[in-house]
Amino acid sequence: MNIPIKGFIENSLLEWEGKIASIIFLPTCNFLCHYCHAPHLVQTPNKLESIPLESVTKKLQQSFGWIDGVVVSGGEPTMYKELGKLLKIFKDIGVLVRLDTNGTNPYALKDLIEKGFLDCIAMDVKAPLRKNKYEEIAGTPCNVEDIVNSIHIIMESGIEYEFRTTVCPSQLDQYDIEDIAMSIRGAERYILQSFRPNHCLNADMLNEKPYSFEMLREFAMVAGKYVNYCCVRGDEGKVLSRNW
């Protein structure tokens, strides 16, 4: 199986709310988001040492009964055709599996869900579902129809899921957030993530000042009218406020 693992966090209380989870990071991405805080995974993954899969599975087996699940993040994991084989290995250990994705491969998501390899999906919705706006934030051409299809597949999947948006002042405002929330109307969870001006793929973003918590809370109050649950997530995954 030719899927390199470039990062592994043995346990986290923040990544998967309500669960203790391990996190693995897969390299390469089909987006070039200006605010991306993992440019090493996107631009220079070959410079990173690969972690043997055997080391990861051994840690998961040793932690079985204490670790609830594993989060497969990136990069964009669905770029790997053998992703299902990797997820099955984790499922066979007996842990829950969450996939982090940008939603550009709805066919892969549908296949993984139908095969029972996923217990949760966290999908980034980068922008309002308009081609020019989405490509501006993604930093590359993309098929917005694939994004729309992924949203529908996830919402109809019957498994746990959340949608999330990184809110950067130079890219998104309150009306954009409301537009996104309307496009996922009825969703179980929508997370607004505070932009972090560090380790950004585009160095110009390092000078960007994040929205204040008070402003993000106002955005979330508006978005919360369209979804069942909305919260603001700050630095290092901490939930700053919720349930409006």
Side-chain angles (χ1 to χ4, degrees), residues 1-33 35-124 140 150 154 159-162 164 193 196 198-201 235-237:
M1 184 172 56
N2 188 28
I3 300 182
I5 297 174
K6 296 296 184 177
F8 178 53
I9 297 176
E10 291 188 25
N11 58 80
S12 169
L13 294 171
L14 299 174
E15 186 66 18
W16 191 345
E17 190 173 345
K19 292 180 173 59
I20 303 172
S22 297
I23 313 167
I24 71 166
F25 297 91
L26 307 184
T28 73
C29 189
N30 51 352
F31 278 177
L32 295 170
C33 302
Y35 54 72
C36 175
H37 61 271
H40 52 292
L41 289 173
V42 176
Q43 295 178 312
T44 57
N46 292 334
K47 293 184 178 180
L48 302 173
E49 182 179 357
S50 292
I51 301 170
L53 175 59
E54 294 77 13
S55 298
V56 173
T57 55
K58 183 178 180 180
K59 285 292 184 182
L60 292 176
Q61 289 166 341
Q62 291 173 342
S63 302
F64 183 76
W66 185 69
I67 291 289
D68 297 308
V70 58
V71 174
V72 180
S73 190
E76 174 50 41
T78 62
M79 293 184 68
Y80 294 94
K81 293 182 179 179
E82 294 184 301
L83 179 61
K85 294 181 181 179
L86 178 64
L87 301 184
K88 186 177 186 303
I89 289 172
F90 297 147
K91 289 293 292 181
D92 287 345
I93 291 173
V95 296
L96 301 174
V97 175
R98 191 187 87 183
L99 177 68
D100 290 358
T101 181
N102 60 23
T104 52
N105 196 336
Y107 307 103
L109 291 181
K110 189 172 188 296
D111 182 63
L112 295 171
I113 291 168
E114 289 179 347
K115 289 179 176 176
F117 293 158
L118 295 175
D119 299 286
C120 180
I121 298 175
M123 176 179 159
D124 291 317
T140 185
S150 290
I154 291 169
I159 67 173
E160 179 186 352
Y161 67 87
E162 71 178 35
R164 55 196 188 185
Q193 298 182 146
R196 292 178 288 170
N198 52 31
H199 306 294
C200 296
L201 188 147
D235 290 343
E236 300 179 357

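If you read the sequence from its start, that first residue is 1, and numbering goes on from there. Bear in mind the structure is a predicted one, so any value in this text is a computation, not a measurement.
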Shortest non-hydrogen separation from [X] to [Y] and the atoms involved:
{"X": "Val97", "Y": "Leu87", "answer": "CG1-CD2, 3.8 Å"}
{"X": "Ile93", "Y": "Gln61", "answer": "CG2-CG, 4.1 Å"}
{"X": "Leu201", "Y": "Cys33", "answer": "CB-O, 3.7 Å"}
{"X": "Ser12", "Y": "Ile23", "answer": "CB-CD1, 3.9 Å"}
{"X": "Ser150", "Y": "Asn105", "answer": "OG-C, 4.2 Å"}
{"X": "Pro106", "Y": "Gly103", "answer": "CD-O, 4.1 Å"}

Do [X] and [Y] have side-chain heavy atoms sitting under 4.5 Å apart?
{"X": "Tyr80", "Y": "Thr28", "answer": "yes"}
{"X": "Ser22", "Y": "Lys59", "answer": "no"}
{"X": "Leu96", "Y": "Trp16", "answer": "yes"}
{"X": "Ile121", "Y": "Leu112", "answer": "no"}
{"X": "Thr140", "Y": "Asn30", "answer": "no"}

Spacing of [X] atom [atom1] and [Y] atom [atom2] [to the nearest 0.5 Å]:
{"X": "Leu53", "Y": "Ile89", "atom1": "CG", "atom2": "CD1", "value": "5.0 Å"}
{"X": "Cys200", "Y": "Tyr35", "atom1": "SG", "atom2": "OH", "value": "10.5 Å"}
{"X": "Ile51", "Y": "Ile24", "atom1": "CD1", "atom2": "CD1", "value": "9.0 Å"}
{"X": "Asn11", "Y": "Leu60", "atom1": "CG", "atom2": "CG", "value": "11.0 Å"}
{"X": "Met123", "Y": "Asp100", "atom1": "CE", "atom2": "CG", "value": "12.0 Å"}
{"X": "Glu114", "Y": "Leu109", "atom1": "CD", "atom2": "CG", "value": "11.0 Å"}

Please check: side-chain N/O of [X] versus main-chain N/O of [Y], any donor-acceptor pairing under 3.5 Å?
{"X": "Arg98", "Y": "Ala21", "result": "no"}
{"X": "Asp124", "Y": "Asn102", "result": "no"}
{"X": "Glu82", "Y": "Ile3", "result": "no"}

Side-chain polar contacts of residues 40-50 - donor-acceptor pairs under 3.5 angstrom, sequence neighbours left out - could you list them?
unit_1	atom_1	unit_2	atom_2	d
Ser50	OG	Lys6	NZ	2.7

Might you work through the side chain to side chain contact (heavy atoms under 4.5 Å, CB included) test for Phe90 and Val56, ending with a clear yes or no? CA-CA 10 Å; Phe90 297 147; Val56 173; 4.2 Å; yes

Quick one: list whatever passes side-chain hydrogen bond (donor to acceptor under 3.5 Å, both in side chains) with Asp119, sequence neighbours left out. Lys91

